[in-house]
Number of protein chains: 2
Amino acid sequence: MNNVLRGACIFGQSGGPTSVINASAYGVIRAALDAPEITKVYGAEHGIKGVLGDRLFVMDEEEERELALLTNTPSSELGSCRYKIADPEVDDTDYKRILEIFKKYDVRYFFYNGGNDSMDTCNKVSRYMESVGYDCRVMGVPKTIDNDLIGTDHCPGFASAAKYIATACMEIRKDTEVYDTGMITIVEVMGRHAGWLTAAASLATMAGAGPDLIYLPENDFDMEQFLLDVRNVYEETGNCMVAVSEGIHYADGSFVSEAETSATDGFGHAQLGGLAARLAEAVKGRMDVKVRGIELSLLQRAAAHQASATDINEAVMAGKTAVEKAVAGETGFMVGIKRTYEEDGDYVGEMVLVPLNDVANQEKKVPAEWITKNFVTKEFYDYALPLIQGEPEIAYVNSLPRYAKLKKVLAK
Amino acid sequence: MNNVLRGACIFGQSGGPTSVINASAYGVIRAALDAPEITKVYGAEHGIKGVLGDRLFVMDEEEERELALLTNTPSSELGSCRYKIADPEVDDTDYKRILEIFKKYDVRYFFYNGGNDSMDTCNKVSRYMESVGYDCRVMGVPKTIDNDLIGTDHCPGFASAAKYIATACMEIRKDTEVYDTGMITIVEVMGRHAGWLTAAASLATMAGAGPDLIYLPENDFDMEQFLLDVRNVYEETGNCMVAVSEGIHYADGSFVSEAETSATDGFGHAQLGGLAARLAEAVKGRMDVKVRGIELSLLQRAAAHQASATDINEAVMAGKTAVEKAVAGETGFMVGIKRTYEEDGDYVGEMVLVPLNDVANQEKKVPAEWITKNFVTKEFYDYALPLIQGEPEIAYVNSLPRYAKLKKVLAK
């Protein structure tokens, strides 16, 4: 069997943006431009929607300098989507269209960068192309700040968000300790179903200034116990800082952020503001103390200026590896990161291949044994700390970030 | 007249913390430790409250390495207060106590670091000591992210907050452009009476990714006009980002953040969440678009990791200058910063002295001619840009900030 497959490639970005998804884009694009087998490199506008809509940018037209700046440009530079593709057995309309586009541009390589849903898309495209006998190699590149993809030790995007969260929590903690009157601060962190990001707030505590209490969505949330925990810490120390996942839920599965009424705070109307504001109200209902809710919001997934260099490097490597392995003949895999340690104890992330079939539509949660009643254990710290290491080299103009500016020339 | 005055000094921090108030602390403490005339250097715990309560830390006991780390430690390391001191003519209880403490420790120098109220405190202490014939030199060191002190081109603390706000707005803007479905984003920035910080969001726009609309508290806010502005931008571009000051108010002076009811959004119950959430609701009431409110909250005044090196340097210099001028015989002044430009056009902040009498209890607002209907002019940009220049050298341990750890030995 001759492994050489010549043709164009399409790269797409999908799902929520991160600080480093564009670093993976750079990894894919650079490696694809360098691969003699790949005749043309297309970037799909808004992920699979750009393929369906025949909106493909010619990456060969971009300047290397601007492409390199992708490694410090947050958000998804080609545009993203949350388009859920149908099962080909149920409705193959989209797949027929994708095949049409692939044929039109002689696409033989498809690289898709995203989370659970995107790996599902990737897998379905891969299986469809195989089923119709169209020779095409499909590879997934992992991305999600939520860190909930299985088959990989961690996901590009997680560590930079974790580092931002830890740093922000340190700064917030310092700020809340400034007056001799006490204060209760509740910081809301992203992560609907998995608590990896919220757990990262513990890195601030280990560094000397962080939350006293941490609540993850892996456990049922008990409002009474939460209020008691807060009171205990406050009465003991005169201050209390809490990190909560946006996804915390009661034992019946209902999200605390969405519960219409609460037995503890007594308000029953539609709420503005998020979970942090809601929990702050609940505390205020019980304690006569200054309480502040802070939502880290988009900042945690977009703070490229505070990214982890380790994360950026791995994001680039994951993209490059996808291309190199595909060119070498592999298809139907997601690039995963395997945790290894050198003899001197230094962490090294090794790129491995994981069958897309094993990855799609599953969620990896924080192990139960790493979670205590209201914090996380040292195991989490040992897991996360190596991943946030290294400061990024950022291109500044006038001391503000200089992001990549792509020409985005549409293919005809 | 012999200018030499030997004795101890007290330094105190007051008002809301900033990213660089500890840099001024370093400037004062280092210069005071170095001055032969100053026999002992005390840091007051929680500002003037620490003087009144006889809670003074002996700075001579601290290690230079830790003191130097103050230049990258956010928040007020000695603790702050918002204690409003009485007029000595009305009630001199506090002043008698301050004099008692000054005599107890042979304090001949008093340095106070803060905003409007703190300069008022400083001024009152200065006048009282003069009135009772106690030889003591009193100097104010400016500090406020709000940038509203008069007698100085700008205040230490402002530029670092401005830089953070600009960078955060750039990252948020990138994030909001990722999907092909439009989005409206409202970012709430600190500044109750003056719009300097909110205006800083314009730096992001000038750098290529920032808000389309900016609303400052210097102008009356018109909800209908705001909703129209947002609609216009959104209909034209498919996206809209807004920066608003927390202090925007209607023509009758009532804060938009506190108005009990609103003609435009139709809800009349107590609101959770802040202004951003409230404006987001108002937009949602008119437009069927995804709307997100983001409050930068404490992060904007505590983000030392993203400080301006220019700001840090000026904060240190302001502290040093206060000590050096006091030792040289001056008293009753605040250190101000005068804007100068070198021949090559480079900005240089020159330290000058401003009578405390001229500064206390006044507010400097953004000039009316720098404000348009819903943005700011290039004059603001030219004013602010030089101030945010330079990246700080940050001490990291495990890629997280290493803040100063003071021993805080109490004087007996």
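In this text, all values refer to a predicted model and were calculated from it rather than measured experimentally. The figures that follow rest on heavy atoms only: side chains count, while hydrogens, waters and symmetry mates do not. Letters A, B, ... are given to chains in the order of the sequence lines, protein chains preceding strands, and every chain is numbered from 1.
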- Task: For each of E45(B), E177(B), R292(B), tally heavy-atom pairs with chain A at distances under 4.5 Å, and name the one with the top tally.
- Result: R292(B)
- Note on the structure: Rounding to 0.5 Å, atoms CG (L296(B)) and CG (L296(A)) come to a distance of 11.0 Å
- Item | Portion of Q306(A) that has a non-hydrogen atom of chain B nearer than 4.5 angstrom | side chain
- Message: Test side-chain contact (heavy atoms from CB on, under 4.5 Å) on N398(B) and I388(A); report intermediate values, then the result.
- Response: CA-CA 8 Å; N398(B) 283 325; I388(A) 68 165; 6.0 Å; no
- Could you look at E77(B) and say if it's the side chain, the backbone, both or neither that has a heavy atom under 4.5 Å from chain A? side chain
- Task: Using non-hydrogen atoms and a 4.5 Å limit, figure out which bit of T73(A) sits close to chain B: side chain, backbone, both or neither.
- Result: side chain
- Task: Between chain A and each of A166(B), S308(B), A304(B), A207(B), count heavy-atom pairs under 4.5 Å; write down the option with the most.
- Result: A304(B)
- Message: Please report the interatomic distance CG(D175(A)) to CG(L298(B)), rounded to the nearest 0.5 Å.
- Response: 4.5 Å
- Y164(B) portion near chain A, given a 4.5 angstrom heavy-atom threshold: side chain
- Message: Between E171(B) and R301(A), does any side-chain N to carboxylate O distance fall below 4.0 Å?
- Response: no
- Using a cut-off of under 4.5 Å on heavy-atom pairs, state which of T310(A), D180(A), T167(A) scores highest against chain B. D180(A)
- Test item: E295(B) side-chain N/O and E295(A) main-chain N/O as donor-acceptor pair under 3.5 Å: no
- Task: Find the one option among P74(A), A280(A), A209(A), G293(A) whose heavy-atom pairs under 4.5 Å with chain B are most numerous.
- Result: P74(A)
- Note on the structure: Heavy atoms of M170(A) and P401(B) approach each other most closely as CE-O, 3.2 Å
- Message: Below 30° counts as parallel, above 60° as perpendicular, anything between as tilted: where do the rings of H305(B) and H305(A) land?
- Response: parallel
- Message: Tell me if a side-chain donor or acceptor on H46(A) pairs with a main-chain N or O of V178(B) at a distance below 3.5 Å.
- Response: yes
- Item | C81(B) side, atom SG; Y179(A) side, atom OH - distance, nearest 0.5 Å | 8.5 Å
- Does atom NZ of K407(B) have more than 12 heavy-atom neighbours from other groups under 6.0 Å away? yes
- Please round to the nearest 0.5 Å and tell me the distance separating atom CG of L203(A) and atom CG of L400(B). 6.0 Å
- Item | Value rounded to 0.5 Å, distance of CD1 in I294(B) from OG in S297(A) | 3.5 Å
- Residue selection (most heavy-atom pairs with chain B, distance under 4.5 Å) from K163(A), K49(A), R82(A): R82(A)
- Message: Between E391(A) and S399(B), do the side chains contain a donor N or O and an acceptor N or O under 3.5 Å apart?
- Response: yes
- Message: So for atom NZ, which belongs to K84(B), do other residues, nucleotides or ligands contribute more than 12 heavy atoms lying within a distance under 6.0 Å?
- Response: yes
- Inter-chain contacts: residues 17-24 of chain A against chain B, heavy atoms under 4.5 Å: P17(A)
